[in-house]
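Working notes for the structure below.
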Amino acid sequence: MSSQNDARYTPQAIEIKWQQAWEAAHAFTAQRDPAREKYYVLEMFPYPSGRIHMGHVRNYTMGDVVARYKSAVGFSVLHPMGWDAFGMPAENAAMEQGGHPKDWTYGNIAVMRDQMKPLGLSIDWTREFATCDPEYYGQQQAMFIDMLEAGLVYRKNAVVNWDPVDMTVLANEQVIDGKGWRSGAEVERRELTQWFFKISDYSEELLDALDGLKDWPEKVRLMQRNWIGQSRGLQFAFGAVNAPEGFDRIEVYTTRPDTLLGASFVGISPDHPLARHLERHDSAVAEFVAECRKIGTTEEALEKAEKRGFDTGIRVRHPFDNDWELPVYIANFILMDYGTGAIFGCPAHDQRDLDFARKYGLPHPDVFVALEDDAPVDTVAFVPPKTEPVRYIRGFAGDAVQTGADAVDAAIALCESRGVGHGVTNYRLRDWGLSRQRYWGCPIPVVHCATCGVVPEKKENLPVALPYDEDGTPIDFSVPGNPLDRHPSWRDCACPKCGAPARRETDTMDTFVDSSWYYARFTSPHSDTPTNAEDAAYWMNVDQYIGGIEHAILHLLYSRFFARAMVKTGHLPESASEPFNALFTQGMVTHEIYQTQDAKGRAVYHLPEDVEDGKLKATGEAVRIIPSAKMSKSKKNVVDPVNIIQAFGADTARWFVLSDSPPERDVEWTSAGAEAAFKHLSRVWQLSDRIAAMPDDTTTDADTDLLRAMHRAIADVTKAIENFAFNKAIAELYAFTNTLSKAQASGAAQQTAMRTLAQLMAPMVPHLAEDIWARQGGAGLVAQAPWPQADPAMLVRDTVVLPIQINGKRRSEIEVPADLPKEEVEKLALADDAVIKALAGGVPKKLIVVPGRIVNVVV
RNA sequence: GCGGGUGUGGCGGAAUGGUAGACGCGAGGGUCUCAAACACCCUUUCCGCAAGGAGUGUCGGUUCGACUCCGACCACCCGCACCA
């Protein structure tokens, strides 16, 4: 027998043993069980970048705590894992290092799976898939065809970033300061015919349904609400005085029709049909518009750019006054995608319009003034909240004094009655452009035929699989552009309708499509249809979804749309149109960034493991240290958890990422805490060793104290887990461990407490918990044992300590029976020395007793 | 620029409007040891010998009482539709 001192915590031996035991017991294989309520917990699946990082460990450990806890309280749990496997990095790797995106991706998946398995996550690995599996994207193509037939997909022109040197389309992140990241050439905006999902059909529904998502963070619902951007306004036309033929009316949309009498100019987007027309006939316009198109395609770039305009010389008439003419400017800040692509500017009540008006010498008449201050606008626009009453001096509808909101309503009503436009509800949300001119994505399953036009591929021909090589020659990724476009044997095909020679669509889908339905596929991952009705009915919805706040808008909004599209096309039940019942957004794991520059002065990033003392290990070159930011593949500021697991075990890594920082907040990775976590787990192990050896002696007085603490710990830890406060659950476990290690209770009581401690720790450190559970005589696997219940009778406290405040400052305290009536508490408080001293013989002005909480004496 | 969030000891953080700093890290002191490591015990918001005072990014407000609610500001972080 080993003595106490010899017993050492050796996670390397323990962890593999229990992982094998779980596997042998099929402990985490999800099965439809009509007798039990189901619980579906899902973490956002990873991109197979090549290795896991601490952000993954944090994300999946949180999900694992939930999965293991829900299983212990009796649910039939589904906890799957897969890979978000399409995307640009695979193609970039092929360009930089040679090889094929498919080999790179599957190789990465194999490595990352091997890195993840030692974490001991309670995942049903039988359901694993990658979105680049033809079995997965073939079903996605089938749904695309269904959505096309349901009118949810269409084609239209849209602009892309075009690199004129590499002759390729660039992603926004590949455009740096308006230049292509590889070529350095000035990026142009180019228009292409592209595929779109009609998410705008669902704008109102996606907005309204947010109210029902009670278990989503309020901030996410607010961000989505603002993103969808519902607005009520007036759409009307200015009649042109001297416009080219066909442009005698300019339709504008405004959310502030109450300011119509403050209009000083009309602005149109550089992409507006009128601007396009003028561009062709006027070189000065062409030059200005070309400048505008250099700004880039992101809203951020447009908003930050200097606001500039070009006077077209065209004049329009004010709808209320035939003699009032307004100039028409092309303005670089007006989006063609929003409203009608044309606005009227009211400089007095919009800062951007005011800056513009002052720049071009346009008037800025006040429409309304503050009730108590009628100073005219000069350099700062007067933009009060719409709910605030103001005095209209150029109003035309409603009372002189009214709120902006009321004035807008009155203005719309009046304009409609005069035949000037009509009230419309607009949305900021644009249709989802899914075309990508890239290889490594799900091919869009349509064929272009000279006679039949755009024809969907026949479903029996799915998947339209990506070609691996071309007639035996590996695809060349060193050439910029889309390899599918220059792959005749793949591209040329027969029209599915008429059989004539035709060409495949060479665009692939946005990777957001892949991640918009994977949660549904997990319910029947091997089905030969996208979903299986019985499985979807049982497992949907996701009960708890966990992922980064960076996905608060796009991924989650697209998934909400896609679920509705799947309901419409019969792939999900109506009840699954909101796919995620509860959402938790974890904070990110941050780390410093290490950067050097290459010969051309471009930034090169380095992994932390390649850096030592501020220098590259390989060359000794000094690195520039950029302050902590979100761990990202592109910045290479990722930490490899594999080293931590090898040194201390998975349980230490899991314990560490859960402790200290609240899960919703960012955590800066430091190596300091890992050793401390290991020490604590070692202490728990030693404690278990000691307690297991104790004789099963008779009950002592200390037993009740220990068992009370145990029930308190059960209650507190359970509540903390339910509330996603894992850092607090761990703090409670520390406290209970300290109590237990000092307890004078009997062996039997300590063994009971130790067994319970193991159970409470099991969701966080499952391997250690199994080992202690077995040693303390627990039956079966702790992974399959029911969650302990707190006895309410053991939670009641006999006495409480009440702090006594004098004028809100704590001065003293009294210990009283928990159920002492308020009057008695008052008497005791007034008899307290500090109170007597403060009152100095007088009477208190006020005496506040909050039962069980506090006493405040106001003197 | 627009939208959303965060801010508390040396550090990570705790606190249904009711004792600010639970729990952990680090640090200091001690016990054990030939010594070190480990382990264990004590101290640890700041100023002050003490009595006492100050204190939750800044300024102001509501309240018997504010980290918590309200207003203004500052700093940092996330998103901005082709990064995933």
Side-chain angles (χ1 to χ4, degrees), chain A residues 5 44 46-47 49 84 86-89 158 160-161 169-175 194 199 217-220 222-227 229 297-305 307 333 337 351-352 428-438 510-512 514-515 548-555 557-558 585 587-588 590 627-630 632-634 659-662 664-668 670 672-673 675-677 679-680 682-683 686 725 727-728 730-735 738 741 801-805 807-813 844-848 850 852-858:
Chain A
N5 290 340
M44 290 180 187
Y47 179 80
S49 56
D84 189 13
F86 277 135
M88 291 199 310
V160 294
N161 301 305
V169 177
L170 298 179
N172 284 335
E173 77 158 10
Q174 296 174 316
V175 180
Q194 307 204 63
I199 190 172
E218 183 55 40
K219 64 179 170 184
V220 175
L222 190 56
M223 280 189 260
Q224 293 217 349
R225 196 169 285 130
N226 290 337
W227 184 264
T297 56
T298 74
E299 196 169 311
E300 184 187 3
L302 282 176
E303 289 284 334
K304 279 185 178 163
K307 307 299 178 285
F333 57 86
D337 291 316
Q351 190 62 44
R352 192 171 59 185
R428 206 182 75 95
L429 180 64
R430 310 199 292 257
D431 275 335
W432 171 11
L434 69 118
S435 290
R436 297 292 181 269
Q437 294 72 38
R438 274 185 257 287
D510 178 9
T511 57
F512 272 125
D514 312 335
S515 56
I549 184 68
E550 68 271 26
H551 295 293
I553 296 176
L554 292 180
H555 163 60
L557 192 61
Y558 289 157
T585 55
M588 289 172 298
T590 63
S628 264
K630 159 187 165 184
S632 79
K633 296 164 279 292
S634 59
S659 58
D660 291 356
S661 273
E664 67 276 13
R665 209 179 290 180
D666 288 355
V667 61
E668 159 117 42
T670 68
E675 198 157 330
K679 278 186 197 169
H680 177 73
S682 298
R683 274 195 292 271
Q686 303 280 355
N727 57 324
K728 281 186 258 176
I730 284 183
E732 302 292 352
L733 288 168
Y734 269 109
N738 290 341
S741 68
V801 175
L802 290 183
I804 296 180
Q805 290 185 336
N807 294 337
K809 298 250 179 212
R810 182 184 173 282
R811 295 297 179 204
S812 181
E813 62 181 34
K845 276 191 197 155
K846 209 166 181 179
L847 187 56
I848 294 135
V850 184
R853 280 303 207 179
I854 203 163
V855 179
N856 191 9
V857 187
V858 184

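Letters A, B, ... mirror the listed sequences (proteins, then strands); counts begin at 1.
Atom pair A/Leu557:CG and B/rG4:C1' shows a separation of 15 Å (rounding to whole Å applied). Regarding A/Ile553, its CD1 atom lies at a distance of 12 Å from the P atom of B/rG3, rounded to whole Å. We find that NE2 of A/His551 is positioned 10 Å from C1' of B/rC83, with the value rounded to whole Å. The separation between A/Leu429 atom CG and B/rA81 atom P is 13 Å, rounded to whole Å.
Note on A/Arg436: a side-chain N or O is less than 4.0 Å away from OP1 or OP2 of B/rC82. Between A/Lys304 and B/rG1 there is no side-chain N or O to OP1 or OP2 distance below 4.0 Å.
Judged as a side chain to side chain contact (heavy atoms under 4.5 Å, CB included), and not counting sequence neighbours, the contacts of A/Leu847 are A/Glu826, A/Leu830, A/Val855, A/Val857. With sequence neighbours excluded, the residues forming a salt bridge (charged side-chain N to carboxylate O under 4.0 Å, His left out) with A/Arg436 are A/Asp510, listed by chain and number. Checked against side chain to side chain donor-acceptor pair (under 3.5 Å), A/Arg430 has no partners two or more places apart in sequence or in another chain. Residues that satisfy the ring pair (Phe, Tyr, Trp, His ring centres under 6.0 Å) test with A/Phe333, not counting sequence neighbours, are A/Phe356.
Shown here, B/rG9 is classed syn by the O4'-C1'-N9-C4 or O4'-C1'-N1-C2 angle, which is within 90° of 0.
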Annotated structure of RNA chain B as dot-bracket, pair cut-off 3.5 Å, Watson-Crick or G-U only, | for inter-strand, is (((((((..(((.....[....)))((((((.......))))))(((....)))..(((((..]....))))))))))))....

Quick one: what's the B/S/- string for nucleotides 11-24 of chain B, heavy-atom cutoff under 4.0 Å, read 5' to 3'?
-BSSSB-BB--BSS

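Atom-to-atom distance recorded for A/Thr585:OG1 and A/Met44:CE is 8.5 Å, nearest 0.5 angstrom.
Remark: the backbone N or O of A/Ile848 is not paired with any side-chain donor or acceptor of A/Asn856 at under 3.5 angstrom. Side chain of A/Asn161 to backbone of A/Val169: no donor-acceptor contact under 3.5 angstrom is found.
Ring geometry for A/Tyr558 versus A/Phe512: interplanar angle over 60°, hence perpendicular rather than tilted (30 to 60°).
The base of B/rC80 sits within donor-acceptor range of the side chain of A/Glu300, with an N or O pair under 3.5 Å. In this model, no side-chain donor or acceptor of A/Glu550 finds a partner on the base of B/rC83 within 3.5 Å.
Going from the P atom of B/rC67 to that of B/rG7 covers 14 Å, rounded to whole Å. One P atom belongs to B/rC40, the other to B/rC23, and the distance between them is 16 Å to the nearest Å.
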Go through A/Asp84 and A/Asp514 one step at a time and tell me if the side chain to side chain contact (heavy atoms under 4.5 Å, CB included) criterion holds.
CA-CA 7 Å; A/Asp84 189 13; A/Asp514 312 335; 4.3 Å; yes

